[in-house]
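Here is how names work: the chains are called A, B, and so on, in the same order as the sequence lines, proteins then strands, and each is numbered from 1.
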Protein chains: 2
Amino acid sequence: MALTREQVVGTAVGILSDFGLADLSMRRLARELDVQVGALYWHVKNKQELLVDVAARLLGGIDAGVMHPGAPADPGAARAAVERLARAVRAALVPVPDSAEVVQLAQTMQPAALRPLTRLRDLLEEAGVPPARSAWAQHLLLNHILGSVAAQQDRAVLEEAGTERGGPDLGEEAFAWGVDVILAGVLGVREPSPRTA
Amino acid sequence: MALTREQVVGTAVGILSDFGLADLSMRRLARELDVQVGALYWHVKNKQELLVDVAARLLGGIDAGVMHPGAPADPGAARAAVERLARAVRAALVPVPDSAEVVQLAQTMQPAALRPLTRLRDLLEEAGVPPARSAWAQHLLLNHILGSVAAQQDRAVLEEAGTERGGPDLGEEAFAWGVDVILAGVLGVREPSPRTA
DNA sequence: ACCTGAACACCGTTCAAGT
DNA sequence: ACCTGAACACCGTTCAAGT
């Protein structure tokens with residue numbers, strides 16, 4: 001049977017997950033698929049385009065319940081939804097090495113391809129961010145998410161290599177704190193959200 | 001005369017500034033210095049170590065007046081100092097392609113080598129961030145700075161390539177807004193700083 | 001101490017030619 | 001339509017050997 005683009009992307013995600021971006025070469029990918037390198041270029045324009053698809057698939061598994069598009073909710077609920085979605089994005093990326101780098105590349109090359117991230121901007125507007133600022137707020141939040149993911153992964157790699165460089169833990173707790181700080185700065189201090197009150 | 005490490009780093013900064021990270025290869029660097037590739041490895045352990053030095057030099061030019069270590073100032077002044085230093089870091093990186101990537105690499109590999117960034121953390125503490133949170137706040141701010149630099153550079157590159165993808169401007173204004181949002185979230189809303197009042 | 005020459009094991013991309 | 005074979009122009013790193 002003929003190779004498909006989905007197969008190519010899927011195998012790329014596999015290599016990335018198991019070995020990291022340094023090992024995700026077109027040649028390695030071809031070897032894994034039992035084809036010659038040139039074959040890949042029939043299914044994909046170049047490596048960058050492939051990585052955009054990889055990023056989209058990494059974020060594609062985010063639960064529909066977390067995205068929950070629908071009737072515009074009240075600001076308090078939207079703010080909670082932003083927090084949930086931010087956590088979901090982080091959770092999807094943390095287990096995949098170098099995923100932050102790949103997502104950043106995709107976000108610059110084809111932002112529309114990453115639905116959960118455009119959804120983040122929509123939710124921010126629903127939560128009360130003026131449209132003129134929502135793209136800025138989205139970037140602020142995304143930089144925090146990706147930076148947090150990268151920091152945690154680098155830390156794990158350095159520890160594995162025996163390079164114990166102390167430093168504070170930058171895990172889930174720091175992440176949640178950062179989201180709170182950003183939303184407090186953007187939306188004002190948190191008020192007890194009147195959940196369906 | 002024998003090659004020096006300073007020469008190697010200086011030439012690397014030059015290539016990065018003029019052509020970007022993709023063109024900064026050990027072989028290209030050797031060519032520019034009129035030596036064989038192997039010669040570089042007497043002065044530098046490997047490429048990563050070289051890039052740490054490159055990052056340090058990029059930030060090394062930041063004015064001492066902006067860093068201004070000295071007697072612990074009052075919180076309001078320290079907050080203003082954070083804002084100035086953040087702007088100075090951004091200004092140092094913006095003209096150098098891919099500098100955000102290089103600084104991020106250096107920050108993970110050898111954070112102590114980037115003095116302006118450790119100074120940022122100190123200033124945040126002076127401004128009132130509890131020590132237990134200062135490293136988190138430093139990261140939050142740094143992710144914003146680097147993300148902002150990268151976004152602006154990518155935008156310039158895409159425009160140069162004719163890929164007009166609209167999107168909002170993420171320049172100085174968005175940057176300043178982000179710094180304000182973060183500091184507001186971390187320190188509370190800005191109060192009219194009593195400058196030497 | 002400092003550098004050359006040469007090798008090792010890789011890259012991404014292209015493209016005529018095959019089926 | 002889909003893939004092979006082979007080339008082009010590169011990489012980072014190592015290391016015996018030279019001076």
Side-chain angles (χ1 to χ4, degrees), chain A residues 1-16 18-55 97-98 101-102 104-106 108-110 154 157-158 161-163, chain B residues 1-16 18-55 97-98 101-102 104-106 108-110 154 157-158 161-163:
Chain A
M1 233 276 290
L3 195 60
T4 68
R5 185 178 172 119
E6 283 65 43
Q7 256 180 92
V8 174
V9 175
T11 307
V13 169
I15 296 176
L16 184 68
D18 294 345
F19 305 101
L21 195 55
D23 282 42
L24 178 46
S25 68
M26 298 301 277
R27 303 178 107 100
R28 167 78 179 264
L29 187 50
R31 215 182 308 138
E32 215 98 338
L33 287 162
D34 276 308
V35 294
Q36 301 294 317
V37 222
L40 299 178
Y41 287 85
W42 200 93
H43 298 275
V44 133
K45 188 169 165 287
N46 53 34
K47 193 180 178 178
Q48 292 211 354
E49 196 192 84
L50 171 64
L51 289 179
V52 171
D53 273 34
V54 167
D98 305 315
E101 210 168 321
V102 175
Q104 194 171 30
L105 189 264
T108 19
M109 298 232 335
Q110 261 188 72
D154 291 341
V157 168
L158 288 181
T163 317
Chain B
M1 233 278 288
L3 194 63
T4 68
R5 184 177 174 122
E6 283 67 41
Q7 258 180 90
V8 174
V9 175
T11 306
V13 169
I15 296 176
L16 184 68
D18 295 345
F19 306 100
L21 195 56
D23 282 43
L24 177 46
S25 69
M26 297 302 276
R27 301 179 107 101
R28 168 79 179 265
L29 187 51
R31 215 183 308 138
E32 215 100 336
L33 288 163
D34 275 309
V35 294
Q36 301 295 317
V37 225
L40 300 178
Y41 287 85
W42 201 94
H43 296 278
V44 133
K45 188 169 166 288
N46 52 35
K47 192 178 180 181
Q48 292 210 355
E49 196 193 82
L50 171 64
L51 289 179
V52 170
D53 272 36
V54 166
D98 305 317
E101 210 168 322
V102 176
Q104 194 170 31
L105 187 265
T108 14
M109 297 233 335
Q110 259 189 72
D154 291 340
V157 168
L158 288 181
T163 317

Worksheet item: Taking only side-chain nitrogens and oxygens of A:His43, does any of them come within less than 4.0 Å of OP1 or OP2 of D:dC3?
Response: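 Result: yes.
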Discussion item. Looking at B:Gln36, I'd like to know whether one of its side-chain N or O atoms comes within less than 4.0 Å of OP1 or OP2 on C:dC3.
Written reply: no
Worksheet item: Closer to the 5' end of DNA chain C via nearest nucleotide, is it B:Trp42 or A:Leu24?
Response: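 Looking at the nearest nucleotide for each, B:Trp42 comes out on the 5' side.
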Discussion item. Both A:Gly38 and A:Arg31 contact DNA chain C. Which one's nearest nucleotide lies toward the 5' end?
Written reply: A:Arg31
Taking the side chain of [X] as heavy atoms from C-beta outward, which of [options] is closest to it?
X       : options                : answer
A:Ala39 : D:dC3, C:dC3, C:dT13   : D:dC3
A:Ser25 : C:dC3, C:dG12, D:dG12  : C:dG12
B:Lys47 : C:dG12, C:dC3, D:dG12  : D:dG12
A:Tyr41 : C:dG12, D:dC11, D:dG12 : C:dG12

Worksheet item: Taking for each residue the nucleotide of DNA chain D bearing the nearest heavy atom, is the 5' side occupied by A:Leu40 or by B:Asp23?
Response: A:Leu40
Worksheet entry | Watson-Crick or G-U wobble mate for C:dA1, both contacts under 3.5 Å |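 D:dT19 is the nucleotide pairing with C:dA1.
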Worksheet item: Across all strands shown, which nucleotide pairs with C:dA6 by Watson-Crick or G-U wobble geometry, both distances under 3.5 Å?
Response: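 Paired with C:dA6, as far as the under-3.5 Å criterion goes, is D:dT14.
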Worksheet item: Within a strict 4.5 Å, meaning less than it, do heavy atoms of the B:Leu21 and B:Leu51 side chains meet?
Response: yes
Discussion item. Please give me the minimum heavy-atom distance between A:Ile15 and A:Leu24, naming the atom from each residue.
Written reply: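 Looking at all heavy atoms of both residues, the shortest contact is CG2-CA, 3.9 Å.
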Item to complete: Between C:dA9 and D:dC10, how far apart are the P atoms? Round to whole Å, please.
Response: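 Looking at atom P only, D:dC10 and C:dA9 are 22 Å apart.
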Item to complete: Please work out if A:Ala2 contacts a base, only the sugar-phosphate, or nothing of the nucleic acid, heavy-atom cut-off 4.0 Å.
Response: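 Counting heavy atoms under 4.0 Å across all strands, the contact made by A:Ala2 is with sugar-phosphate only.
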